[in-house]
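Some notes on the structure that comes next.
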Amino acid sequence: GGAMADLVEPSAVTVNPTWSGMASGHHAAAIAVFRAADSSGATPWKLLSYSGGVLGYTSPKTLSLDTTGAKFLAFSISSSPTAAATISADSKGATWTCLTNWTTPAVRICYSFPGANVGSGHTVTVSGSSNITASAYFLAFTGPTSPAYDKDSGTGVTAITCQPGSLTPAANGELLITATAVNSQDAGISPKGNVSWVGNGYQVSDHYGGAIGLSVIQDTSAQNPTWNDAVSGSISCAAALFRATASTKRRIITTTGEE
């Protein structure tokens, strides 16, 4: 005789099922555990929507986006180095973490794991200690069930290109977000290599030029994206990696036989 059973275990716990026979005798049992892939697939990061561009001179300023269905939000701010511009309010109640403000000019990356705090008309407010002279970009992603911050880097230089500093992903499938700020009048900015950029702006009388880009890194090779300006001048750049944390769900199949 024999039997088989299976179950889905939602958390990473030790499992040792017990089989009971009708009478004492020779019994054998086996068990196999299969890890569930993340429900979003092998490459779970997908850009849902974005907005951005010039915010303007004075503080505060707002930027809106439809974030319905998002599991991860990213935001970049390019601004005056003296303003220390940051996210000061969120209309949906999402909690934001803003990383280092790299100068000069200033650029920083902010991120949020918003949970249920998403939807249409999602507005983020940017404020500073003085006139922010800012541009900004707001991105919404579908993603893994439990995304997590990994690491970041950044710098500011006087040159025609900027690299934030090498970052090595902790695991396959991490999301790279990179951003830049420039202080050169009407200078076009764009990334090199495998980074897809979703917008940029130029410095005029009321804002510093800025841009944001992204890439899904399929392996654990070191990343150091390059931003190009059209002319040499003050340029700063930042980068951050985010992990696609694996699901803890397991399917457990166990079987027994007796004689």
Side-chain angles (χ1 to χ4, degrees), residues 45-47 49-57 63 73-85 98-111 126 132-141 150-169 174-242:
W45 304 102
K46 180 181 178 181
L47 181 64
S49 55
Y50 71 91
S51 65
V54 177
L55 291 187
Y57 188 66
L63 197 56
L73 306 175
F75 201 99
S76 70
I77 307 170
S78 305
S79 66
S80 164
T82 60
C98 287
L99 301 173
T100 302
N101 202 35
W102 301 98
T103 60
T104 292
V107 65
R108 75 190 322 168
I109 294 170
C110 305
Y111 66 91
V126 176
I132 56 176
T133 322
S135 57
Y137 294 89
F138 186 5
L139 281 62
F141 295 83
D150 184 1
K151 55 180 69 77
D152 70 286
S153 63
T155 192
V157 294
T158 301
I160 199 169
T161 63
C162 183
Q163 288 185 293
S166 183
L167 296 172
T168 300
E174 294 202 5
L175 175 67
L176 172 72
I177 298 291
T178 181
T180 188
V182 295
N183 192 28
S184 299
Q185 186 72 32
D186 296 327
I189 43 180
S190 61
K192 289 177 63 178
N194 65 342
V195 174
S196 299
W197 60 289
V198 295
N200 70 352
Y202 309 131
Q203 189 214 7
V204 292
S205 60
D206 66 348
H207 70 286
Y208 283 90
I212 191 169
L214 62 100
S215 181
V216 177
I217 311 304
Q218 299 295 349
D219 55 24
T220 56
S221 60
Q223 303 295 311
N224 195 7
T226 300
W227 285 95
N228 285 340
D229 201 347
V231 296
S232 182
S234 297
I235 180 172
S236 54
C237 55
L241 287 170
F242 299 90

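Positions are given from 1, in the same order as the sequence printed here.
With sequence neighbours excluded, the residues forming a side chain to side chain contact (heavy atoms under 4.5 Å, CB included) with T168 are A222, listed by chain and number. Take S236 and apply the side chain to side chain contact (heavy atoms under 4.5 Å, CB included) test, not counting sequence neighbours, and it matches P105, V107, A181. Here D152 pairs with Y149 under the side chain to side chain donor-acceptor pair (under 3.5 Å) rule; sequence neighbours left out.
The distance from the OG1 atom of T220 to the CG atom of L241 is 11.0 Å, given to the nearest 0.5 Å. Between atom CG of residue L167 and atom CG of residue D150 there is a gap of 8.0 Å, rounded to the nearest 0.5 Å. To the nearest 0.5 angstrom, S78 atom OG is 8.5 Å from I212 atom CD1. Here the CH2 atom belonging to W102 is positioned 10.5 Å from the CD1 atom belonging to I109, to the nearest 0.5 angstrom. If you take OH on Y111 and SG on C98, they are separated by 9.5 Å, rounding to the nearest 0.5 Å. To the nearest 0.5 Å, the span separating NZ on K151 from CD on Q223 amounts to 11.0 Å.
Ring-plane geometry between W45 and F141 is classed as perpendicular, the angle between the planes exceeding 60 degrees on a 0 to 90 degree scale with a lower cut at 30.
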Exercise for the section: Quick one: do T158 and S234 satisfy side-chain contact (heavy atoms from CB on, under 4.5 Å)? Show the steps, please. Expected result: CA-CA 4 Å; T158 301; S234 297; 4.2 Å; yes
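Side-chain contact check for F75 versus V126: some heavy-atom pair is nearer than 4.5 Å. P164 places a side-chain heavy atom less than 4.5 Å from the side chain of N224. Side chains of T104 and N183 form no contact here, defined as non-hydrogen atoms less than 4.5 Å apart.
Here the shortest heavy-atom pairing between P81 and T103 reads CB-CG2, 3.8 Å. Heavy atoms only, all atoms of each residue included: L47 and A140 are closest at CD1-O, 3.5 Å. The two residues G56 and I132 come nearest to each other via the heavy atoms O-CG1, 3.8 Å.
A distance-only check finds no donor-acceptor pair linking the side chain of N228 to the backbone of T161 [under 3.5 Å]. Put simply, the side chain of R108 gets close to the backbone of A85: a donor and an acceptor are under 3.5 Å apart. In this structure, T178 contributes its side chain and A238 its backbone to a donor-acceptor pair below 3.5 Å. At distances below 3.5 Å, at least one donor-acceptor pair connects side-chain atoms of S135 with backbone N or O atoms of Y208.
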